[in-house]
Amino acid sequence: MSDSDAPAPRRKRRISEQTPVQRALGLLVRREHSRKELTRKLQARGIETEAALAAVDKLSEAGWQDDTRFAENLVRIRANTGYGPIHIRAELGTHGLDSEQIAAAMDTFEGDWADNARELVCRRFGPSGPEELPQRRKAADLLARRGFDGDSIRRATRYDPDD
């Protein structure tokens, strides 16, 4: 085998370093993020604070990142997975949203929290709901852990399927 028959050496493709905007966009493509969350994730990936903030600002101006859209999406997802308004408000607060943004997002919920609580109880305890006092206590504890208010808990645990 001569040198001319040998396969040519493969060239290694250089992977260019992503810019902070590209990294942020990569995160946003997967799911919505709040400004605070996106900035924190960029910093965790070694991007300096100023560069991370500038990248998030640029994506926000372009409409790729929007705290209002993020909050409305989170409310819808959490409500559909059986969480109550207290839990959802607290979670929105951890994402750096102010009280006005949280209130606006919560106002977009079109369902009834008591109905959501009742549906969760029926999924866990059957269509007739909790009948004995120990079951009602377990149901009430479940709803309280999930962030439902006292009125919704009372209405869901004293549920009469014929209503």
Side-chain angles (χ1 to χ4, degrees), residues 20-47 49 52-53 55-163:
V21 173
Q22 290 170 329
R23 293 187 96 172
L25 190 56
L27 291 167
L28 286 171
V29 167
R30 291 176 187 88
R31 71 169 179 86
E32 292 280 351
H33 289 74
S34 67
R35 290 180 67 84
K36 178 182 176 182
E37 181 182 27
L38 191 57
T39 304
R40 181 185 51 77
K41 284 188 174 186
L42 290 173
Q43 290 171 332
R45 286 164 173 74
I47 296 173
T49 304
L53 289 170
V56 172
D57 286 342
K58 186 173 185 177
L59 290 174
S60 185
E61 289 169 10
W64 286 94
Q65 191 284 325
D66 183 11
D67 275 346
T68 302
R69 188 175 59 227
F70 165 79
E72 291 171 359
N73 188 38
L74 190 110
V75 169
R76 186 179 57 256
I77 290 169
R78 294 298 185 258
N80 289 338
T81 55
Y83 287 95
I86 297 169
H87 175 92
I88 297 170
R89 275 191 192 93
E91 186 173 351
L92 288 170
T94 66
H95 287 283
L97 302 174
D98 63 31
S99 58
E100 290 175 8
Q101 290 172 310
I102 293 172
M106 294 300 289
D107 288 343
T108 64
F109 177 67
E110 295 176 353
D112 180 26
W113 294 111
D115 287 344
N116 276 17
R118 186 173 293 137
E119 288 174 20
L120 180 60
V121 167
C122 287
R123 280 197 313 254
R124 294 286 173 96
F125 295 94
S128 62
E131 295 173 6
E132 302 296 321
L133 184 58
Q135 278 187 326
R136 286 184 179 187
R137 285 185 180 148
K138 282 184 179 183
D141 288 346
L142 167 70
L143 294 173
R145 282 192 309 274
R146 288 291 187 113
F148 286 94
D149 61 20
D151 185 49
S152 296
I153 293 172
R154 277 188 292 282
R155 288 174 51 196
T157 56
R158 288 172 179 37
Y159 171 59
D160 182 6
D162 295 328
D163 283 350

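Throughout, numbering of the chain's residues begins at 1 and tracks the sequence. These numbers come from the heavy atoms of this one structure, side chains and all, not from hydrogens, waters or symmetry mates.
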S.K.: If you compare all heavy atoms of Ile153 against all heavy atoms of Phe148, which two are closest, and at what distance to 0.1 Å?
M.R.: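 Closest approach of Ile153 to Phe148: CD1-O, 3.5 Å.
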S.K.: Test your reading of the model: is there a side-chain donor-acceptor pair from Arg23 to the backbone of Arg45, 3.5 Å cut-off?
M.R.: yes
S.K.: Do you know which two heavy atoms are closest between Gln65 and His33, and how far apart they sit?
M.R.: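 Where Gln65 meets His33 most closely, the heavy atoms are NE2-O, 3.1 Å.
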S.K.: Atom NZ in Lys138, atom OG1 in Thr157: separation rounded to 0.5 Å?
M.R.: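 Answer for the NZ-OG1 pair, Lys138 versus Thr157, is 15.0 Å.
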S.K.: Is any side-chain heavy atom of Pro130 less than 4.5 Å from a side-chain heavy atom of Val121?
M.R.: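 In short, these two side chains touch, coming nearer than 4.5 Å.
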S.K.: What donor-acceptor contacts under 3.5 angstrom involve side-chain atoms of residues 76-90, with partners at least two apart or in another chain?
M.R.:
{"from": "Arg76", "atom 1": "NH2", "to": "Asn73", "atom 2": "OD1", "distance (Å)": "2.5"}
{"from": "Arg78", "atom 1": "NE", "to": "Glu91", "atom 2": "OE1", "distance (Å)": "2.9"}
{"from": "Arg78", "atom 1": "NE", "to": "Glu91", "atom 2": "OE2", "distance (Å)": "3.3"}
{"from": "Arg78", "atom 1": "NH2", "to": "Glu91", "atom 2": "OE2", "distance (Å)": "2.9"}
{"from": "Asn80", "atom 1": "ND2", "to": "Arg76", "atom 2": "O", "distance (Å)": "3.2"}
{"from": "Thr81", "atom 1": "OG1", "to": "Ile77", "atom 2": "O", "distance (Å)": "3.0"}
{"from": "Thr81", "atom 1": "OG1", "to": "Arg78", "atom 2": "O", "distance (Å)": "3.1"}

S.K.: Can you sort out the partners of Phe70 under ring pair (Phe, Tyr, Trp, His ring centres under 6.0 Å), two or more places apart, ordered by chain and number?
M.R.: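 For Phe70 the ring pair (Phe, Tyr, Trp, His ring centres under 6.0 Å) partners, ignoring immediate neighbours, are His95.
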S.K.: Within this structure, what is the CH2-CG distance for the pair Trp64 and Leu59, rounded to the nearest 0.5 Å?
M.R.: 8.5 Å
S.K.: So, taking the atom named CG in Asp66 and the one named CD in Glu32, what distance separates them when rounded to the nearest 0.5 Å?
M.R.: 7.5 Å
S.K.: Check Pro20 against Ile47 and note the closest heavy-atom contact, atom names and distance.
M.R.: CA-CD1, 3.8 Å
S.K.: Answer whether the closest heavy-atom distance between the side chains of Lys36 and Arg40 falls below 4.5 Å.
M.R.: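 Side-chain contact under 4.5 Å: no.
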S.K.: Which value, rounded to the nearest 0.5 Å, describes the distance between Arg118 atom CZ and Asp112 atom CG?
M.R.: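 Answer for the CZ-CG pair, Arg118 versus Asp112, is 8.0 Å.
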S.K.: Heavy-atom count around Arg69 CZ within 6.0 Å, excluding the residue itself: above 12?
M.R.: yes
S.K.: Charged N to carboxylate O under 4.0 angstrom, Arg155 versus Asp151?
M.R.: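 Yes.
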S.K.: From Leu28 CG over to Leu38 CG, what is the distance, rounded to the nearest 0.5 angstrom?
M.R.: 5.0 Å
S.K.: Using 0.5 Å steps for rounding, measure from the CZ atom of Arg30 to the CG atom of Leu25.
M.R.: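 Here the rounded value is 10.0 Å.
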